[in-house]
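Shown next, in structure tokens, is the structure this report addresses.
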Amino acid sequence: MPELPEVEHVVRALQTAVLNQRITAAELRLKRTAPGISKSRFNKRLSGARIRTIGRRGKHILINLDTNETLVVHLRMTGKFVYLNNEQPLLPYSHAVFYLENDRRLVYCDMRQFGRMNIIASHRLLKSKELRALAPEPLSEEFSTDYLRRTFAGSRREVKQILLDQTKVLGLGNIYAAEALFMAGVSPFAVAQSLSRRRLVRLHKAIRQVLDEAIESGSTLRIDLGDGHSSYFGTAERFWRVYEREDEACLKCGARIRRVVQAGRSTYYCPRCQR
DNA sequence: ACCCTCACCTGCACGC
DNA sequence: TGCGTGCAGGTGAGGG
């Protein structure tokens, strides 16, 4: 499920749950989940490590350990963490289990098996293949209107495409790209380098607003920990302004919302107010 | 360097 | 009921 805001929720939930816990043992059950490392080496490098800090870069979760290594997790489409007590059975698709010193388990589940983990020396994180090419954090100063202008300059790609490119604009996925374009009144098919200054400024603002709002609304998310019931992290109920509203009336102008396939993925937009 | 297409998986909703 | 199709919030390899 995750785009940047959902990953941010997962990070916060993990911080609440497992910060400063020691991993007494790790059990990688599906090799594909951590393709760069053998199961036994994965387990060995994590067992005994204490979780010092938990952060995020784009959609990557960074679990920093006192071994000076970082467990980097990308949830892709269906990855989830579940926090279980010692009586609760594993759910299906549990591909990695982290046994903690508090007798609970942090379990990584992933139905479609797309999610990936890697263990990287913390001081080499920024140079790692996972993180080195990523665009600046969209909620940081560095992601300015001027950055967006420079990034779009010379690109003949359609703006929806460039919004999904994590090396150009970080954190958006198919939903929030559609929402940001709708909010800014920009057509998903507009050519990036041809956007007017005004549209660029509106789009920049919309990207921030869409991400901010999604993170904010998640702060009302209830996450139960320690009441004996399993907790799923990051499954917020959402209400989109344009995404998945094909054939409905546009909330701004009443025109019929369209869905087209763009680069193999659904794009929802209002043909009247997004030009 | 850029940009496009497809592959990677499983499940679910839909139509016949 | 059963089967085929298309679709799902993400990349990354490989090719032009």
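Lettering follows sequence order; numbering is per chain, from 1.
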Are any of R76(A)'s side-chain N or O atoms less than 4.0 Å away from OP1 or OP2 of dG12(C)? yes
*Does the distance from a Lys or Arg side-chain N to an Asp or Glu carboxylate O, for R258(A) and E246(A), drop under 4.0 Å?*
no
Output one line per pair: protein atom, nucleotide atom from nucleotides 1-5 of chain B, and distance, for all N/O pairs under 3.5 Å.
| unit_1 | atom_1 | unit_2 | atom_2 | d |
| --- | --- | --- | --- | --- |
| dC3(B) | OP1 | S155(A) | OG | 3.4 |

Tell me whether E69(A) is salt-bridged to R45(A), with the criterion being a basic N under 4.0 Å from an acidic carboxylate O. yes
Item to check | Side-chain N,O (S266(A)) to OP1/OP2 (dA8(C)) below 4.0 Å | outcome: yes
Presence of salt bridge, E137(A) and R56(A), under 4.0 angstrom: yes
Here the distance between atom C1' of dG12(C) and atom CG of L164(A), to the nearest Å, is 15 Å
Q) Are any of Q166(A)'s side-chain N or O atoms less than 4.0 Å away from OP1 or OP2 of dT11(C)? A) yes
Hey, quick one: are V201(A) and F152(A) part of the same hydrophobic cluster, counting side-chain heavy atoms closer than 4.5 Å, chains of contacts allowed? no
Show the distances under 3.5 angstrom between N or O atoms of the protein and N or O atoms of nucleotides 13-16 of chain C.
none

* Look at the side-chain heavy atoms of Ile, Leu, Val, Met, Phe, Trp and Tyr, link any pair under 4.5 Å apart, and say whether L172(A) and L170(A) land in one connected group. => no
Note to self: Taking only side-chain N and O atoms of H74(A), does any of them lie within less than 4.0 angstrom of OP1 or OP2 on dT11(C)?
What the structure shows: yes
Q. Quick one: is dC7(C) close enough that its OP1 or OP2 comes under 4.0 Å of any side-chain N or O from R265(A)?
A. no
Tested for side-chain contact (heavy atoms from CB on, under 4.5 Å) against I215(A), the lone hit among L139(A), V7(A), V210(A) is L139(A)
Per the 3.5 Å Watson-Crick/G-U criterion and a run length of at least three, the stems involving DNA chain B are B:2-8 with C:10-16, B:10-16 with C:2-8
Q.
Quick test of the criterion, 5.5 Å between centres and less than 30° between planes. Is F114(A) stacked on dC8(B) or not?
A. yes
In whole angstroms, the gap separating P of dG10(C) from OH of Y176(A) amounts to 10 Å
Within one Ile-Leu-Val-Met-Phe-Trp-Tyr cluster: L164(A) and V186(A), side-chain cutoff 4.5 Å:
no
Exercise. Answer with yes or no after comparing the ring centroid distance for H74(A) and F114(A) against a 6.0 Å cut-off, counting only values under it.
Key: no
query: In terms of side-chain geometry, is the basic nitrogen of E101(A) or R50(A) positioned less than 4.0 Å from the acidic oxygen of its partner?
result: yes
Out of curiosity, does L251(A) fall in the hydrophobic cluster containing W240(A) (side-chain heavy atoms, cut-off under 4.5 Å, transitive links)? no
### Message
With a 6.0 Å cut-off on the ring centroids, do F189(A) and Y269(A) count as close?
### Response
yes
